[in-house]
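Here is the naming used below: chain letters follow the sequence lines, and residue numbers restart at 1 for every chain.
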Amino acid sequence: MSEQALPTDVRVVVNSIGLTKADYRGNPSTLCQGCGHNSISSQIIAACYELNLYPEEIVKFSGIGCSSKSLFYFLNRSFGFNGLHGRMPSLATGALFADHTLRGIGVSGDGDTASIGMGQFKHLLRRNMRLVYIVENNGVYGLTKGQFSATADQGLELKSHGINPYMPIDIAWEALVGHATFVARSFAGDPKQVKELIKAALNHNGVAVLDIISPCVTFNNVDHATHSYAWGKNHETALHELSYVPRAEEILLEYDEGETREVELHDGSVILLRKLGRDYDPTNREAAIKVLEEANSCHCLITGLIYIDPNQPSMWDIFQLTDTPLNRLKENQLRPPQETLAELNRVFQA
Amino acid sequence: MEIKLQIDEQLKTESKIINDFSITVATVNGSGSQTSNAAILRAIFKMGIPVSGKNIFPSNIQGLPTWYTIRVNKDGFVARKREADILVAMNPATFVKDLESLIPGGAFFYADDIRLAITRDDIVAYPMPVKHLIRQVDIPAYLRDYVANMVYVGVLAQMIGIDLEKIRQALEFHFKGKAKPVEINFGVVSLAAEWAKENLEKKDPYLLQPMNATSGLILTDGNTAAALGAIYGGVQFVSWYPITPATSLAENLQQYLPKLRKDPETGKNTYVVVQAEDELAAIGMAIGAGWGGLRAMSSTSGPGLSLMTEYLGLGYFAEVPVVVWDIQRVGPSTGLPTRTAQGDLTFVAFMGHGDTQNIILMPGSVNECFEFAWKAFDLAEQFQTPVIVLSDLDFGMNQWMGRPFEYPDVPMNRGKVLWEEDLEKLDGKWARYLDIDGDGIPYRTVIGNRHPKAAYFTRGTGHDEYANYSEDPEDWHALLNRLKKKFETFKPYLPQPVQEKTEGAKINLVSFGSTEPAIQEARAHLKKQGITTDFTRLRSYPFTDKVKEICSHYERNYVIEINRDGQLHQLLRMHFPELASKMISYAYTDGLPLTAKQLVDFIVSKEKQDE
């Protein structure tokens, strides 16, 4: 079939590797209508399309919960593994060793990450595994119908569970103190920022944590809750406007240097941060801790790239693997020659 | 009624007892006695005399009593023997008890700085001036404590006839050829031997004489064997968490992989070893790697396996190849973490929730630890399912004789994996869970496959043949039954029972794992008492019809195992209810390896009852 055969009013838009947006699509979502998670799935699709990534070179991982189900709603041409509750980090770590040329996207939720998954989350950060780790954070257990999660605000009132008496866990904060090399927070209702952060995260040589406030339209959308649309829209303070610029493009010059700070990623691409109000340096860990603490005290939502350290070695740098992906090695590369066993036997012999 | 072992009585009446005794060394944990004991053991092995070494140690780093038992036996019976013929007492805390435990006529070597009375006159006591001798050695003071235990090596060598040159070779093995520690330790051994020669008079009957019974054999432990077997099986990914007695398996992998598995041209690694944060993560990583197309494994013990159970259940249902070694210790709970048992069998057989069935391999020697380690990968990948290898502390951490390790005799079986060119030929038409071949085993692709139709979605939730989410009752029913079919398909590929038959035997001794040496010794004693037995060692689960065929042949099958409830006995009766009346359970657990004597006592009393 040639292009001429198509009706003249249909134009197929493709990216620079010849793929259409449809090549990045997933199955229709079965989450609630208006769920912030669906919006995040759309931005993952947009980010991968715009970055010209082959879907086959991305692997999707998740744990258990509404967020984890969303894996099925984007990138059908990517392999995916829906693992166990809170134990996606280990699954992704093992799997990505099979082929170090692939990029991993993990999707988790506040229940999955901040409760059973806290241990694996923290250890993923320590190891600096190259994985985009998105937390679709709504402060509530959706799939089991509306219990408090560990990120729920203290004092929040929910229909069938009364008032939450406990302090919340702040995922961005945990990521930062846990030595994550990329920590960002965003809001599902701000698709442009979500997309730009995902693009930057996909090019980070290490673990990239995106804590995305994604309101639960069914169980936690009371206007005063941090994880609601109304609250998010009213209290969001963007640290900076963000554009991710792949290395090949030269639009850097369009920006006024006085207003931007460039952060160069491992592959030479650059994130541009447009500062709003204050001079914010996301490579300064102390400043990042301070900005989160200030946000806590003034009860506002800081969004944007909170911290980045592009220079820490990732797990790949540490393990020194063969250039050929491990899962493509042949028997002669995996089974040592017979004479080596004869030598070992001699050592153990009488 | 207690049955006396005639053979022992006969030997004791002679003036000399040659190459048939056991030595127990009582020391304090953490005092460096491992090197001394290992040197004695390997030196005797190098003298050509059959030997085994078992460490009866506490769950403690330093300060609690520990005993090392060495069994020397010219006939090759090297199972644990309860009684010590020679005792080396280095620990004041257990001195009195140790002295009491020695058999009449036994030899008692003791550090003379222990100011306790020798209260028995039916034994031979030899004082050893440990502190005095160590002061004469020209080494820094801080090293003296570490080499003090070499004094008893030297004294023992002189008194029972261990070849000093063999001790030097054993030390070279232990220190991997490093000259300095060999020199220091051997210096103490020589000094002590010289002292004993001049100051002690031999009054006990125990003597070693060189033989030719270990020529060509190796002496090693099951965890070393398993690690090497895995390496020759092409292991690519290891994730583990420390737990006694499985730790040394992973540590051996860490030791040998860098030597054996670097790309010869680039020096880059063809393997990954990750010490995970816990067993939950260790198995998560291994399942991820297995799913990704790597030969992936973990090693653990009972408590760790409990933590791994949920992921292994997912692995079974999502059809992910992975190998997990369970080096069994005594449970329930932390139990006796440094003692041995075979108590995880039924747990492993049904591990997982819902209808789960697992392949279990049960090695019965250090050779099978090696062999099953590489075979486990073939089975896991061929059948796309977790494979559990059931070893135990006795195998894992104690020293066993074996044949040299045999190089795998078949090429790796990577199972039904489709790559880009395969999908090209199929025009992209394939489905992850479709049973094309009718054997219950579908085809799979792995990550990194760039074909646009390669990807599929793996999940623990219900799915159809195309890996799509499904709650359809028919899909669920069909999927679970296909998994069951797979379970039937792989039975013939599993290691079949090992059998030893004797003319006219009416009873059969059935076992698995590490109990064979005690059983073989028991069979020899039983034969002397007119009880002829056959022997069957099971090597895998699920059982095949072969097991049924074997057991139905006998009037009585004694099912022998180291646990309380007779777990093998339970499984056999469950699978072959028609044979239930022919199965007699001998299940005993106290944390220690089985002895021939306890088995002989049991079977003789049962058989007498029967007459």
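- Here B:P411 is the residue among B:A296, B:P411, B:G290, B:S239 with the most heavy-atom pairs under 4.5 Å with chain A.
- With B:F173 as the aromatic partner, B:R42 meets the cation-pi criteria of under 6.0 angstrom to the ring centre and within 45 degrees of the ring axis.
- With chain A as the partner, the residue from B:V272, B:V274, B:L314, B:V273 showing the most heavy-atom pairs under 4.5 Å is B:V272.
- Inspection of the A:S149 and A:D110 side chains reveals an N or O donor paired with an N or O acceptor under 3.5 Å.
- When the heavy atoms of residues 343-350 of chain A are compared with those of chain B, the residues falling under 4.5 Å are A:L344, A:N345, A:V347, A:F348, A:Q349, A:A350, listed by number.
- A salt bridge links A:R328 to B:E420: at least one charged side-chain nitrogen sits closer than 4.0 Å to a carboxylate oxygen.
- Between chain B and the options A:V59, A:D23, A:I58, the largest number of non-hydrogen pairs under 4.5 Å is found for A:V59.
- If you measure heavy-atom distances from A:N27 to chain B, the contacts under 4.5 Å come from the side chain alone.
- Taking 4.5 Å as the limit, some side-chain heavy atom of B:I231 sits within range of a side-chain heavy atom of B:R261.
- Heavy-atom distances place both the backbone and the side chain of A:T322 under 4.5 Å from chain B.
- Evaluation of the salt bridge (Lys or Arg N to Asp or Glu O under 4.0 Å) test over residues 83-93 of chain A, restricted to residues two or more places apart or in two chains, returns A:R87-B:E310.
- In this structure, B:R444 fails the cation-pi test against B:Y456, since its NZ or CZ atom is not both closer than 6.0 Å to the six-membered ring centre and inside 45 degrees of the ring normal.
- Using modelled atom types and a 3.5 Å distance limit, the side chains of B:H463 and B:N468 yield no donor-acceptor pair.
- Judged by the 6.0 Å distance and 45° axis criteria, A:K21 is not positioned over the aromatic ring of A:Y24.
- In terms of heavy-atom pairs under 4.5 Å with chain A, the best-connected choice from B:G448, B:A276, B:G293 is B:G448.
- With respect to chain B, the highest number of heavy-atom pairs below 4.5 Å among A:A342, A:A98, A:S90 belongs to A:S90.
- For A:Y54, no part lies under 4.5 angstrom from a heavy atom of chain B.
- Residues A:L96 and A:L131 have side chains in contact (heavy-atom distance under 4.5 Å, counting atoms from C-beta outward).
- Chain A forms the most heavy-atom pairs under 4.5 Å with one residue out of B:L294, B:T224, B:D278, and that residue is B:L294.
- Contact count against chain A (heavy-atom pairs under 4.5 Å) is highest for B:A454 among B:G460, B:A282, B:A454.
- Contact between B:E406 and A:L341 at its shortest, heavy atoms only, is C-CD2, 3.9 Å.
- Side chains of A:N38 and A:S41: a donor-acceptor N/O pair is absent below 3.5 angstrom, by distance only.
- Ring-plane geometry between B:F370 and B:Y232 is classed as tilted, the angle between the planes lying from 30 to 60 degrees on a 0 to 90 degree scale.
- Here A:L326 is the residue among A:T93, A:L326, A:L329, A:D99 with the most heavy-atom pairs under 4.5 Å with chain B.
- Using a 4.5 Å cut-off between heavy atoms, A:P89 makes no contact with chain B at all.
- Put simply, of A:F97, A:F81, A:F319, the one with the most heavy-atom pairs under 4.5 Å next to chain B is A:F81.
- Of residues 60-70 of chain A, those residues with a non-hydrogen atom less than 4.5 Å from any non-hydrogen atom of chain B are, in numerical order, A:K60, A:F61.
- Of all the listed residues (A:R77, A:M315, A:Q333), the one sharing the greatest number of non-hydrogen pairs under 4.5 Å with chain B is A:R77.
- Residues of residues 121-129 of chain A that come within less than 4.5 angstrom of chain B, heavy atom to heavy atom, are A:H123, A:R127 in numerical order.
- Your options are A:N76, A:L321, A:T340, and the one with the most heavy-atom pairs under 4.5 Å with chain B is A:L321.
- Between B:E381 and B:R414 there is a salt bridge, since at least one side-chain N of the basic residue sits less than 4.0 Å from a carboxylate O of the acidic one.
- With a 4.5 Å cut-off on non-hydrogen atoms, A:L84 touches chain B through its backbone and its side chain both.
- The part of A:E57 that comes within reach of chain B is its side chain, from C-beta onward, which places non-hydrogen atoms under 4.5 angstrom from that chain.
- Look at A:R130 and A:D317 and you find no salt bridge, because none of the NZ, NE, NH1 or NH2 atoms lies under 4.0 Å from a carboxylate O.
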